[in-house]
Q: 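This structure is in structure tokens; I'll ask about it shortly.
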Protein chains: 2
Amino acid sequence: MLGELAVERRGMDVSNEGASTLDQVVPVSRRTLHDELVGRIRDLIIEGHLAPESRIHEGQLGQALGVSRTPLREALKFLASEGLIELVPGRGAVVRRLTPRDVRDMLDVLAALETTAARLACQRASDAEIASLRRLHDEMMGYYAVRARLEYFKRNQAFHAGLATLSGNAFLAATHEGIQSRLRRIRFVGSDAPAKWAGAVAEHEEMVLALEARDAERLAAVIARHLEATWVRVQDVI
Amino acid sequence: MLGELAVERRGMDVSNEGASTLDQVVPVSRRTLHDELVGRIRDLIIEGHLAPESRIHEGQLGQALGVSRTPLREALKFLASEGLIELVPGRGAVVRRLTPRDVRDMLDVLAALETTAARLACQRASDAEIASLRRLHDEMMGYYAVRARLEYFKRNQAFHAGLATLSGNAFLAATHEGIQSRLRRIRFVGSDAPAKWAGAVAEHEEMVLALEARDAERLAAVIARHLEATWVRVQDVI
DNA sequence: CGCAAGAATGCTGTATGCAGGATGATAGGA
DNA sequence: TCCTATCATCCTGCATACAGCATTCTTGCG
């Protein structure tokens, strides 16, 4: 289960070479071991390689990732703050299981955030931004047409994240992203059945149309309906 | 600045002694060093003892708190995930400064959460729960009458947290609490002037009345107005 | 045969050690 | 005098070491 996980440490990554002005220079993002581990472990949990309720063995996981316990533990604390794992005194970290209640609650919060984002986006977003979201949607529809479920799903998530970003409220977008990532696994397995899938696609189409018309209330209503439907779709996989 | 901070380690704290059934036994909450440190450092930041933009010196702070660097660093990672500090590779932890933009964005998210909580609370909360929130409000008014600003402020925060709890959505309440704690310092210093203070009090009174009438829309509207006013009140202290 | 008490093992929680990079000081040159 | 380059110091990031508590296995007793 934990084979071939070793972390590859990357040095600094100088991008943005040909910038002519210094105003828009993005700081060199050097990937630290901490970030790398946080991302990696988060994926292990979301993708189900670390099962809910299971204890995380620091020694084993550390060895599998090729890292000592110290940075690993630090990454675990970080993830605990995100709510993905629980720290049990004396027994270490346990992967948190989402109860139906948790999922329902999180979807309600997600709805509150997305409808707020929707209203803001209808006011603030530029035509170009809306057009780029439309492109993302069309791309998604392309993957839907050929039933490429994973690729479709990624665009789907990106679409919702993009909508949050278009609100112009970075904090909202970040909060939204945090919740969405925690629900990712459940939503993925919940979109399994073709009928469910089709429903979600139709709702997305409506959302794009409402956004293009900058009809905030209609967009908010569709989003609320979409997330209500999501709840129905995921209910039997929790 | 960092004198007399030493952490006192507490052993297990057996509460809930006289429980007759085992159903409602709450797990013994033993305060771990980790939790203690997280709480302590969070307070140091919120109360302004660790200034924004300033680097956190692991050695110094660890010595001041009477703790080695390891648990301290773990606590810092945890707080970084909450967004209170920023981890700069090679330079350690830096206390994050909230820009006006950040505060504005956070207040908008807070508004989205509280209005949602308000609607849910109007449906779901019991009369007893509403009454207890009323008592909290009255208590707050008492402190207002005698101009006990700190005590008043604590009840104020508790009131908003209580409203979030009454939504019955634990995740919403937790998310709300996280944001509220990050805004605590700014809101406190922002409620300095008597005129501002009086305005906030009046809005609270309206909120309680709307909640008692279970008038969800009116309550949501008051909350939105309250947070808009908060923005005005805090604007010049950022 | 089942249960309980005790010992042994293993894991977590915390401290310490060490290497590499960042920061600051000092000296040399323009 | 100011700027720059080099060096010394300090701090962070990671690894390792050790103590104490959980868990599990075993053994003795009912």
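Letters go in sequence order (proteins before strands), and every chain restarts at 1.
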Q: Hydrogens and angles aside, do Gln180(B) and His160(B) bring a side-chain donor and acceptor to less than 3.5 Å of each other?
A: no

Q: Among dG13(C), dC11(D), dG13(D), which nucleotide has an atom closest to any side-chain atom of Arg73(A)?
A: dG13(C)

Q: Given the ring of Phe188(B), does Arg149(B) sit roughly above its face, with NZ or CZ under 6.0 Å from the centre of the six-membered ring and within 45° of the axis?
A: yes

Q: Ignoring backbone atoms, test whether Arg69(A) places a side-chain nitrogen or oxygen under 4.0 Å from the OP1 or OP2 oxygen of dA15(D).
A: no

Q: I'd like to know if the side chain of His34(B) pairs up with that of Glu74(B) as donor and acceptor (distance under 3.5 Å, no hydrogens or angles considered).
A: no

Q: In whole angstrom, what separates Phe78(A)'s CZ from dG13(D)'s P?
A: 14 Å

Q: Flag the pair Arg155(A) and Glu151(A) as a salt bridge only when some basic side-chain nitrogen lies within less than 4.0 angstrom of an acidic carboxylate oxygen.
A: yes

Q: Over how many whole Å does the gap from Leu87(B) atom CG to dC14(D) atom P extend?
A: 11 Å

Q: To the nearest Å, give me how far apart CD (Gln63(A)) and P (dT16(D)) are.
A: 11 Å

Q: In whole Å, what is the span from the CG atom of Leu76(A) to the C1' atom of dG13(C)?
A: 13 Å

Q: On DNA chain C, check which nucleotide each of Ala93(A) and Thr70(A) is closest to and give me the residue with the more 5' one.
A: Ala93(A)

Q: Can you tell me the distance, in whole Å, between the CD atom of Glu36(A) and the P atom of dC14(D)?
A: 11 Å

Q: Nearest whole Å is fine: how far is dA15(C) P from Glu74(B) CD?
A: 10 Å

Q: Between P on dG13(C) and CG on Asp35(B), what's the gap in Å once rounded to a whole number?
A: 11 Å

Q: Is atom CD of Gln63(A) surrounded by more than 12 heavy atoms (other residues, nucleotides or ligands) closer than 6.0 Å?
A: no

Q: Using OP1 and OP2 only, check whether a side-chain N or O of His57(A) sits under 4.0 Å from dC11(C).
A: yes

Q: Does OP1 or OP2 of dT23(D) have a side-chain N or O of Arg91(A) closer than 4.0 Å?
A: yes

Q: Round to the nearest Å and state the distance from Arg55(A) atom CZ to dG10(C) atom C1'.
A: 10 Å

Q: For Pro71(A) and Ile56(B), find the nucleotide of DNA chain D closest to each by heavy atoms; which residue's nucleotide sits nearer the 5' end?
A: Ile56(B)

